[in-house]
Amino acid sequence: MQIMDKKITVYTKAYNTKPYLRQCIESVLSQSYPDFEYLLVDNGCTDGSGEIMSEYAMADDRIHLIRYVQNQKINIQEFLVEYASGEYLAVLDSDDWWDTDYLERLLFWSEKNKLDVACTGTVMHVLESGEQYLRKVNSPIVFSRETLAEGLPLYHVFFRTLWGKLIRMQCICAVSGDAVPKFSYGRDTAWCFQLLRQTRKIGVDSSVLHHYRIHEKSVSYQYDPSRFDADMYLYEDAIKFLSSFGPVSSENRKFLQAVYANAVFDTIYVILNSTMSPAEKLRQYRTIATASITLAAYQSNIEDGRRSQENLIICAMTTGSALKDEDDRDFRLVMQTLLPRCGRAVSGENVQLFLDNSSLLHALLQDNIDVLMKELLGRMENQQGVKRYAIPRTIQALAADSPLLCQIDNAVFLRKYAGIYWEVWKGHYIAALDEMTGLLLENKVSGGRELFLTLFISLAAMEEQVPAFIFGKMQLAEHYLRQGRREQARAVVSDLTEMGVEDAELETLRRRSQKQ
């Protein structure tokens, strides 16, 4: 490969990465392309990393060691203006490393294609599990300014970080310092999208020359109050970037919604694993769930959106189960926002019911109100966890929009007449009336009789079944008399009389209700 006469600035900022620092530095110093300066920053190290950097700086004059007494955020643009002299920039994290031909291959490819940014693939090394996976393309791709919008899904993943690429220095220095928000998380991506605005041509090579260590304790896995703000900003900024080329295509919008949904997926877990109280976590989940960007991503019918939504629901439920006697309004709001049909049935009081039962949880996550109601009624019939999980109140909450069923929370009624309840729920009113009439005629209605009769009368009135209505009213008057509630019995008899009902049985009921 031809050696180009171009100076490269390599930038590494180190803070307490002693176990990995030598491999990082040596991977730079052993590059097959020798014409580079190495800006090595000791960002207030306290673990002995500073001594390692001094050792290498004394041995190789290409290293320019810059020290800060305390760890601090560094404005890379201002730093480069002050210290860099190369025509290109390559960033390497202090716990990562390069293959020996990283600079040579990317520089040659960049010069050959007149690229402003040249990217290479990365081997991801997961420290905790030892797993490895690749971020790469199968063949080199070059994008001109005119194709940046349509090519976004192909190069986006390579422009989430400043590492893994060779950048023309004039492009990164052209980025306005005020254009990049000062997020702790997501700032590299914000930088990259500002960088894209300054480029004329970019490319992604098929090589895999960069090695990245994934730490569970890295900033990507730590809670930061501005993290969700960063998720929203990055989505909106990408839309703004694409809008500069014309209307954003539905394909690109869906792609970015998927990216956003995955980012939120990670943020949700970070919140769950943080040290915040359950109430504080649920406030965060409420903010995420009610954001218009979140709702659009979750309603876009993309798999990443569904996956992220389910994750938010389950994490909110897991957190809600720990609320004890605390206010659960934020929890309820999350449930009702993400599950408009079924969410009302879930509260801090009964959340464990769903977490403990996979069939109920599946129906809930699908927001399938019929399946969920059927499952709950089945549990009532079989007396599964009725008191422990307050199932009658759960059923009542689920039926809040049903004028016929919204007041029914009687455990005995729900257990004995679950089948009738289901027929009413499905709108099969005549079928329910027929079954209820048969039970009344056979004198098989005992527990929950008053509620049974009230529902029977309501169904008869709704379906304009006058004989059934009169029959039900007389049965209710008889029920009141048996309980010694003569005043209520008289009111029912009076209603029937005003209807013009003339019946010997009604006259008997009138006389009995008037006895002292």
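These values consider heavy atoms only, across backbone and side chains, with no hydrogens, waters or symmetry-generated copies. The shown structure was predicted, so the numbers you read here are calculated from the model rather than taken from an experiment.
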Where the side chain of [X] meets the backbone of [Y], is there a donor-acceptor pair that is under 3.5 Å apart?
X    : Y    : result
R160 : H156 : no
R490 : S513 : yes
Y480 : E487 : no
N410 : V412 : yes
Y269 : C315 : no
S277 : E280 : yes
N350 : Y389 : no
Q309 : L338 : yes
D327 : R329 : yes
N262 : A258 : yes

Next on the checklist: Apply side-chain hydrogen bond (donor to acceptor under 3.5 Å, both in side chains) to residues S226 and Y185 and explain how you reach the verdict.
Outcome noted: CA-CA 8 Å; S226 65; Y185 166 82; over 6 Å; no
Checklist entry - Under the ring-ring contact (aromatic ring centres under 6.0 Å, His included) test, which residues partner Y133, sequence neighbours left out? => result none
I need the minimum non-hydrogen distance between [X] and [Y], along with the two atoms involved.
X    : Y    : answer
V334 : L282 : CG2-O, 4.4 Å
G320 : F331 : CA-CD1, 4.2 Å
S206 : K136 : O-CE, 4.1 Å
R379 : V386 : O-CG2, 4.0 Å
R253 : V248 : NH2-CB, 3.7 Å
Y260 : A297 : CD2-CB, 4.0 Å

Checklist entry - Got a sec, which residues hit side chain to side chain contact (heavy atoms under 4.5 Å, CB included) with D96, two or more places apart in sequence or on another chain? => result L92, D93, H210, Y212, R213
Would you give the length of the straight line joining atom [atom1] of [X] to atom [atom2] of [Y], rounded to the nearest 0.5 angstrom?
X    : Y    : atom1 : atom2 : value
E375 : L364 : CD    : CG    : 11.5 Å
F183 : T189 : CZ    : OG1   : 11.0 Å
T290 : Q336 : OG1   : CD    : 13.0 Å
T294 : Y235 : OG1   : OH    : 10.5 Å
E463 : L433 : CD    : CG    : 7.0 Å
D370 : C342 : CG    : SG    : 8.5 Å

Mind checking whether [X] and [Y] have side chains closer than 4.5 Å, heavy atoms only?
X    : Y    : value
R187 : K182 : yes
T454 : Q407 : no
R283 : M276 : no
E498 : S494 : yes
I420 : L439 : yes
Y421 : K416 : no
L272 : Y285 : yes
M124 : E131 : no

Next on the checklist: side chain to side chain contact (heavy atoms under 4.5 Å, CB included) for S358 and L361? Distances and angles first, verdict last.
Outcome noted: CA-CA 5 Å; S358 59; L361 181 60; 5.5 Å; no
Checklist entry - Under a 4.0 Å N-O cut-off, is there an ion pair linking E478 with R482? => result yes
Checklist entry - Step by step, would you call L148 with I202 a side chain to side chain contact (heavy atoms under 4.5 Å, CB included)? => result CA-CA 9 Å; L148 283 181; I202 64 171; 3.6 Å; yes
Item to check | Neighbour count >12 (heavy atoms, 6.0 Å) for atom CD, E442 | outcome: yes
Next on the checklist: Taking atom CD as the centre, does E464 end up with more than 12 heavy-atom neighbours from other residues, nucleotides or ligands that are less than 6.0 angstrom away?
Outcome noted: no
Item to check | Any donor-acceptor N or O pair under 3.5 Å, side chains S359, N357 | outcome: no
Item to check | S244 and R197 side chains, donor-acceptor separation under 3.5 Å | outcome: no
Checklist entry - Just one of Q257, K254, R306 clears the side-chain hydrogen bond (donor to acceptor under 3.5 Å, both in side chains) bar with N301, so which one? => result R306
Checklist outcome for this item: From the list L372, I313, L365, side-chain contact (heavy atoms from CB on, under 4.5 Å) with F354 holds only for L372
Checklist entry - Where do F143 and L154 land on the side chain to side chain contact (heavy atoms under 4.5 Å, CB included) test, with the steps shown first? => result CA-CA 10 Å; F143 302 91; L154 296 174; 3.8 Å; yes
Item to check | salt bridge (charged side-chain N to carboxylate O under 4.0 Å, His left out) contacts touching residues 402-415 (sequence neighbours left out) | outcome: none
Checklist entry - How far apart are the C-alpha atoms of Q465 and I430, what are their side-chain angles, what is the distance that settles it, and do they pass the side chain to side chain contact (heavy atoms under 4.5 Å, CB included) test? => result CA-CA 9 Å; Q465 298 291 310; I430 295 298; 4.1 Å; yes
Next on the checklist: Is the positively charged end of K165 above the ring of F159, judged by distance under 6.0 angstrom from the centroid and angle within 45° of the axis?
Outcome noted: yes
Next on the checklist: Walk me through whether R388 and Q352 qualify under side-chain hydrogen bond (donor to acceptor under 3.5 Å, both in side chains).
Outcome noted: CA-CA 10 Å; R388 178 185 177 190; Q352 203 62 44; over 6 Å; no
